[in-house]
Amino acid sequence: MKIVILTGAGISAESGVPTFRASDGLWEGHRIEDVATPEGYERNPGLVHEFYNMRRAHLHQVEPNPAHRALAKLEQHLGNDLTLITQNVDDLHERGGSKRVLHMHGSLLRATCTSCREPFHWQGIMTVSSKCPFCKAMGLVRPAIVWFGEMPYHLEEIEAALVACDVFVSIGTSGAVYPAAGFVQIAHLQGAKTIEINPNLTQNAHHFAEQIQGNAGTEVPRWVEELLDQA
Ligand code: OAD
């Protein structure tokens, strides 16, 4: 059985990472256009670096929760038959034990150079004077995070997994941002069973065959255990 799982900010909520569209969300005090667009970065790269430096530093204060760990357990059983796609830029899936995670919106722990475009690992503070380890350009290093108007990562691999899957599960995402919000329709058209796990009503809820209403930290381990019991 091939399973594709898409996760969003909700899976990390119980770990203490604020979601985007909650009233106490990460965007508070910052307009999206200022901190999550290429134009905002061009206008004020210092502000954008500060915003992501703060989020990167916050990773040290959070731990994976039972939902992240349950998906790692599922990977151990399914191997390559599980494709885990996340819109999250935190590293909680990896720290929860998952080995193969497709970060479609990038990662706080990666950087890229706007000159040579080489992506690389990044920890600590990034500034307007940070130097590219490859082409040595100064001041052209930026977070490897997909901003509005930019192309998400891994789309070919994601599309291939979606058209081949038997089950598609969406966990903790509001279904507001495309292309991720459209994955359920691709999977459904291929005949996959579609399941959504979320405590709240989402914008694309009507596309799912099954709804599991509740928090990821409780419902994901329960769903994984049930699946493994049936196997
Ligand atoms: P949102 O903040 O839009 O949605 C979070 C979802 O998590 C909501 O549907 C909540 O109901 C749900 N939720 C809250 N607590 C939960 C819990 N304990 N368990 C399960 N679900 C819970 O975040 P995303 O849908 O991930 O893109 O946002 C998608 C993209 O929008 C982000 O990746 C980001 C943002 O713009 C980029 O940065 C490119």
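Just so you know, ligand 1 is whichever comes first in the structure, and atom 1 is the first atom listed for that ligand.
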For ligand 1 and [X], I'd like to know whether there is a polar contact (N/O to N/O, distance under 3.5 Å).
{"X": "N88", "result": "no"}
{"X": "A216", "result": "yes"}
{"X": "T202", "result": "no"}
{"X": "F148", "result": "no"}
{"X": "F20", "result": "yes"}
{"X": "T173", "result": "yes"}

Charged N to carboxylate O under 4.0 angstrom, [X] versus [Y]?
{"X": "E210", "Y": "K193", "value": "yes"}
{"X": "D90", "Y": "R55", "value": "no"}
{"X": "D166", "Y": "K2", "value": "no"}

Minimum side-chain heavy-atom gap L109-H121 below 4.5 Å: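 With C-beta onward as the side chain, the pair touches.
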Min side-chain heavy-atom separation F148-P38 under 4.5 Å: no
Contact partition for V146 relative to ligand 1, non-hydrogen atoms under 4.0 Å: backbone
From [options] - option closest to [atom] by heavy atom:
{"atom": "atom 14 (C) of ligand 1", "options": "G10, A180, A205", "value": "G10"}
{"atom": "atom 37 (C) of ligand 1", "options": "H105, H103, M104", "value": "H105"}
{"atom": "atom 1 (P) of ligand 1", "options": "A67, S174, A181", "value": "S174"}

Contact with ligand 1 for P199, non-hydrogen, under 4.0 angstrom: yes
Cation-pi check, R142 onto W147 ring (under 6.0 Å, within 45° of axis):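 The answer is yes; both the distance and angle limits are met.
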List every atom of ligand 1 that sits less than 4.0 Å from any heavy atom of [X], numbering the atoms from 1 in the order shown and giving each element.
{"X": "N200", "answer": "10 (C), 11 (O)"}
{"X": "A13", "answer": "15 (N)"}
{"X": "E14", "answer": "17 (C), 18 (N), 19 (N)"}
{"X": "G8", "answer": "26 (O)"}
{"X": "G172", "answer": "5 (C), 6 (C), 7 (O), 20 (C), 21 (N)"}

Just by distance, with hydrogens left out, do [X] and [Y] show a side-chain donor and acceptor under 3.5 Å apart?
{"X": "H68", "Y": "S98", "result": "no"}
{"X": "Q87", "Y": "T173", "result": "yes"}
{"X": "E94", "Y": "H103", "result": "yes"}
{"X": "T7", "Y": "T86", "result": "yes"}

